[in-house]
Amino acid sequence: MLYSKHMHWSEVHVLEGTEPFALKEFVNAHGWRSLAPFHWDAGDSCLSHVRALPGGGSGAWHVTQAAPTEWRVTLQAAAPLCDSDREVLLEGVRWALRLDESFAGFHALCRDHAPLRRAAVQGQGRLLRSPDLWEDLVKTLCTTCTTWARTQSMVRALCDRWGELELATERRTFPTPVALAAAGPHELRAAGLGYRADTLYRLAERLVSGELDPNTLRSSDISTDAVRRALIALPGIGPYAAGNLLMLLGRYDHLAIDSWLRRVVREGWFSDRTDLTDAEIERAFQPFGSWKALVYWFWDWSR
DNA sequence: TTCCAGGGGTAGA
DNA sequence: TCTACCCATGGA
């Protein structure tokens with residue numbers, strides 16, 4: 001634990017996970033790593049994130065792989081971290097990397113299907129998520145009815161305009177609900193959010209008022225159906241967005257059916273039939289039970 | 001100019 | 001439950 005030459009606080013921790021996985025393959029399993037304020041340094045195989053801290057100010061974490069189940073985490077901040085801020089950052093790393101989640105059931109299923117065996121052999125199934133669920137709610141909203149390039153630019157614009165500058169990394173945090181509620185729908189629209197501006201503003205207001213605490217949705221005491229109903233009750237969250245968020249929450253029994261999934265499944269399993277319905281897609285995934293979303297993500301569609 | 005993109009909400013049947 | 005329509009925005 002020391003001050004760097006730029007007088008920023010830095011400290012190193014080692015976190016242990018329960019199941020081995022490769023950081024590089026994990027980070028590249030889906031697109032979330034390219035959404036701010038995540039930063040993936042492919043050369044150093046280092047994943048970073050910056051976030052606002054409850055004690056005020058902000059902090060950064062940088063993760064590299066130390067061993068199959070060991071992670072070297074460097075925390076950075078403008079000043080020494082208090083215990084609660086350190087805990088928030090480290091808990092965020094555990095959550096983002098899913099260090100406490102087991103994929104043994106998924107891998108058992110994978111061994112029965114040739115296009116999934118690679119996933120079992122390589123220990124796949126883990127999908128990166130943001131340290132904070134509010135951040136993933138907003139990011140998911142920004143994936144609706146747009147291109148991936150625009151999703152990236154929308155999320156970047158939110159950070160650039162309403163995020164806090166983290167001094168050690170000179171990167172901007174993801175904006176808090178307070179910041180986006182204060183911005184208002186007109187400013188959000190002007191930042192390129194389009195019709196999502198109104199729903200995003202309403203979502204931020206619900207969090208600020210205390211009407212919604214998204215972290216209650218992280219509880220394992222609630223049934224998946226109850227979580228799904230709560231998600232769909234939120235402004236701007238429909239079946240696709242709820243499916244994506246359930247997957248990020250570690251519940252894989254619902255598909256997030258979007259134009260990309262429709263195309264992949266149509267070409268892979270239905271001879272490119274143009275009249276394929278969502279109901280037929282749902283039925284095709286029914287045999288995979290509580291692992292449907294991961295089966296879609298890790299199925300070897302090139303076979 | 002028109003169409004569509006890793007959809008959601010609403011009205012009407 | 002299903003369908004039709006609208007919702008901003010930018011790139012092809």
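Each chain gets a letter, A, B and so on, in the order the sequences are listed, and its residues count up from 1.
- Within 4.0 Å (heavy atoms only), A/Ala256 reaches no atom of the nucleic acid at all.
- The side chain to side chain contact (heavy atoms under 4.5 Å, CB included) search around A/Ala114 returns A/Arg117, A/Arg303, not counting sequence neighbours.
- Residues A/Trp297 and A/Trp291 place their aromatic rings such that the two centres sit no closer than 6.0 Å.
- Partners of A/Arg150 under the side chain to side chain contact (heavy atoms under 4.5 Å, CB included) rule, at least two apart in sequence or in another chain, are A/Thr146, A/Thr147, A/Ser153, A/Met154.
- Checked against the 6.0 Å centroid criterion, the rings of A/His49 and A/Phe174 do not qualify as a close aromatic pair.
- Atom CG in A/Leu248 sits roughly 18 Å away from atom P in B/dG6 (whole-Å rounding).
- When distances are taken from the side chain of A/Pro239 to each of B/dA5, B/dG8, C/dA8, the shortest belongs to B/dG8.
- Following rounding to the nearest Å, A/Ile232 (CD1) and C/dT1 (C1') show an atom-to-atom distance of 15 Å.
- Sequence order on DNA chain B of the closest nucleotides to A/Pro235 and A/Asp258 puts A/Asp258 first from the 5' end.
- Taking atom OH of A/Tyr240 as the reference point, atom P of B/dA5 lies 14 Å away to the nearest angstrom.
- For the pair A/Leu234 and A/His30, both in contact range of DNA chain B, the more 5′-proximal nearest nucleotide belongs to A/His30.
- Atom pair A/Arg150:CZ and C/dC7:C1' shows a separation of 14 Å (rounding to whole Å applied).
- Remark: the A/Thr224 side chain and the A/Arg251 side chain contain an N/O donor-acceptor pair separated by less than 3.5 Å.
- An OP1 or OP2 oxygen of C/dA8 is reached within less than 4.0 angstrom by a side-chain nitrogen or oxygen of A/Arg189.
- Rounded to whole angstrom, the span from the CH2 atom of A/Trp260 across to the C1' atom of B/dC4 amounts to 16 Å.
- Atom OH in A/Tyr201 sits about 20 Å away from atom C1' in B/dG8, given to the nearest Å.
- Counting non-hydrogen atoms under 4.0 angstrom, A/Ile237 reaches the backbone sugars and phosphates but no base.
- Summarising the geometry, the separation between CD on A/Glu282 and C1' on C/dT1 is reported as 14 Å, rounded to the nearest angstrom.
- By the criterion of a centre-to-centre distance under 5.5 Å and near-parallel planes under 30°, the ring of A/Trp148 forms a stack with the base of B/dG6.
- In this structure, the CH2 atom of A/Trp297 is 8 Å from the C1' atom of B/dG6, given to the nearest Å.
- Comparing the C1' positions of C/dA4 and B/dG6 gives an interatomic distance of 23 Å, to the nearest angstrom.
- Side-chain nitrogen and oxygen atoms of A/Thr143 include none within less than 4.0 Å of the OP1 or OP2 phosphate oxygen of B/dG7.
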